[in-house]
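Every value quoted in this text rests on a predicted model; they were computed, and no experiment measured them. Note that these values count all heavy atoms, side chains included, but never hydrogens, waters or copies made by symmetry.
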Amino acid sequence: MNSSHSLKLIRYLVAYVFIISGLMKLLDNELSNYFINLGLPFPIYTMYIIVILEISCGIFILLNKKMRHAVIPLIIIMIGAILITKVPSLHLGLLQFAFNARLDIVMLVLLFILYSRSRI
C-alpha cells in the first residue's frame with residue numbers, strides 16, 4: 001500500500017469516527033446525558049456545537065475538501081476531550097490514564113497526520 005492509499009484510509013477512518021460520534025450524541029440518550037453532565041458551560045448548546053463540528057468536519061475529511069480547515073476544530077475537540085474526560089483518571093495512575101486515553105490519543109495523532117499531509 002503506497003502513501004496515497006494510506007492517507008486515504010486514514011481519511012476514511014477519521015471521518016467515520018467523527019461522523020458516527022456526532023450522530024451518536026444526537027441519537028443516544030445515555031451518551032448525550034453523559035456529555036451534558038460533564039460540567040461544561042451551556043451543556044446542551046455546547047453539545048450541539050460539537051455535534052455540528054464533528055459531523056460537518058467529518059464529511060469534509062471524507063470528501064477531501066478543506067482538509068486543513070476541517071481538521072483544526074477536531075484537534076481542539078480531541079484535546080478538550082482528553083483534558084475533560086481522561087486527565088481526571090490520572091489520580092488512578094499513569095497506566096490507567098494511558099488506557100483510558102488510548103483511542104483519543106490515536107485519533108489526535110491521525111488528525112495531526114492529516115493536517116501535516118494536506119495541501120494548504
Side-chain angles (χ1 to χ4, degrees):
M1 183 179 288
N2 66 31
S3 177
S4 174
H5 288 102
S6 298
L7 194 58
K8 190 180 286 188
L9 180 60
I10 291 171
R11 268 190 28 245
Y12 292 155
L13 292 172
V14 167
Y16 166 78
V17 166
F18 282 103
I19 292 169
I20 296 300
S21 178
L23 289 173
M24 287 302 290
K25 284 180 185 73
L26 289 176
L27 302 174
D28 185 302
N29 286 334
E30 187 177 326
L31 183 58
S32 60
N33 287 334
Y34 172 77
F35 188 94
I36 290 168
N37 290 315
L38 288 174
L40 299 169
F42 309 103
I44 293 174
Y45 295 117
T46 302
M47 183 183 74
Y48 284 125
I49 291 168
I50 298 295
V51 165
I52 290 166
L53 286 170
E54 287 180 341
I55 293 171
S56 61
C57 291
I59 291 170
F60 279 119
I61 291 169
L62 180 66
L63 300 174
N64 200 20
K65 303 290 183 194
K66 304 285 186 187
M67 181 78 68
R68 289 193 113 181
H69 298 295
V71 168
I72 292 170
L74 298 178
I75 289 172
I76 294 167
I77 288 170
M78 290 312 302
I79 291 170
I82 291 168
L83 292 174
I84 293 166
T85 66
K86 304 309 187 283
V87 167
S89 69
L90 271 171
H91 76 281
L92 300 172
L94 189 57
L95 186 58
Q96 186 64 47
F97 165 77
F99 177 76
N100 291 343
R102 69 195 183 282
L103 299 176
D104 300 63
I105 292 168
V106 168
M107 289 307 299
L108 192 56
V109 169
L110 292 175
L111 287 166
F112 277 115
I113 289 169
L114 290 177
Y115 183 82
S116 67
R117 299 289 171 94
S118 60
R119 289 183 230 130
I120 297 175

Partner residues of Val106 under the side chain to side chain contact (heavy atoms under 4.5 Å, CB included) criterion, sequence neighbours left out
Leu110
Nonpolar side-chain network containing Tyr45, other nodes, edges under 4.5 Å
Phe42
Is it the case that one hydrophobic cluster holds both Phe60 and Tyr12, taking links as side-chain heavy atoms less than 4.5 Å apart, direct or via other members?
no
Residues 26-42 vs salt bridge (Lys or Arg N to Asp or Glu O under 4.0 Å), sequence neighbours excluded, gives none
By the salt bridge (Lys or Arg N to Asp or Glu O under 4.0 Å) test, which pairs, at least two apart or in different chains, include something from residues 34-53?
none
Return the CD1 to CG distance between Ile55 and Leu26, rounded to the nearest 0.5 Å.
5.5 Å
Using the side chain to side chain donor-acceptor pair (under 3.5 Å) rule, collect all pairs that involve residues 106-116, keeping only residues at least two apart or in two chains.
none
Sequence-distant partners of Leu95, side chain to side chain contact (heavy atoms under 4.5 Å, CB included), two or more places apart:
none
Side chain to side chain contact (heavy atoms under 4.5 Å, CB included) partners for Arg117, two or more places apart
Ser3, Leu7, Ile113
Do you reckon Phe112 sits in the same ILVMFWY cluster as Leu114, going by side-chain contacts under 4.5 Å, direct or chained?
yes
Set of residues satisfying side-chain hydrogen bond (donor to acceptor under 3.5 Å, both in side chains) with respect to Asn2, sequence neighbours excluded
His5
Distance check, rounded to the nearest 0.5 Å: Asn64 atom CG versus Leu62 atom CG?
9.5 Å
Assigning hydrophobic clusters by single linkage (Ile, Leu, Val, Met, Phe, Trp, Tyr; side-chain heavy-atom cutoff under 4.5 Å), is Phe99 placed with Met107?
no
Group every Ile, Leu, Val, Met, Phe, Trp and Tyr by side-chain heavy-atom contacts under 4.5 Å, then state whether Leu92 and Leu103 land in the same group.
no
Inter-residue atom distance Ser4.OG - Leu9.CG, 0.5 Å rounding
11.5 Å
Just jot down the side chain to side chain contact (heavy atoms under 4.5 Å, CB included) partners of His91, sequence neighbours excluded, or say none.
none
Please list every donor-acceptor pair under 3.5 Å in which a side-chain atom of residues 70-87 meets a protein atom from a residue at least two apart or in another chain.
{"from": "Thr85", "atom 1": "OG1", "to": "Ala81", "atom 2": "O", "distance (Å)": "2.5"}
{"from": "Lys86", "atom 1": "NZ", "to": "Asp104", "atom 2": "OD1", "distance (Å)": "3.4"}

Atom CD of Gln96 and atom CG of Leu90: how far apart are they, to the nearest 0.5 Å?
10.5 Å
Closest heavy-atom pair and its distance - Asn33, Asn37:
O-ND2, 2.8 Å
Check side-chain hydrogen bond (donor to acceptor under 3.5 Å, both in side chains) between Ser89 and all other residues, then give those that pass, not counting sequence neighbours.
Asn100
Determine, using the 4.5 Å side-chain heavy-atom cutoff (strictly less than), whether Leu108 and Leu13 are members of one ILVMFWY cluster.
no
Name the atoms and distances for all side-chain donor-acceptor pairs under 3.5 Å in residues 17-24, with sequence neighbours left out.
{"from": "Ser21", "atom 1": "OG", "to": "Lys25", "atom 2": "NZ", "distance (Å)": "2.8"}
{"from": "Ser21", "atom 1": "OG", "to": "Glu54", "atom 2": "OE1", "distance (Å)": "3.3"}

Over 12 foreign heavy atoms within 6.0 Å of CZ, Phe97:
yes
If you measure from CD1 on Ile44 to CZ on Phe35, what distance do you get to the nearest 0.5 Å?
11.0 Å
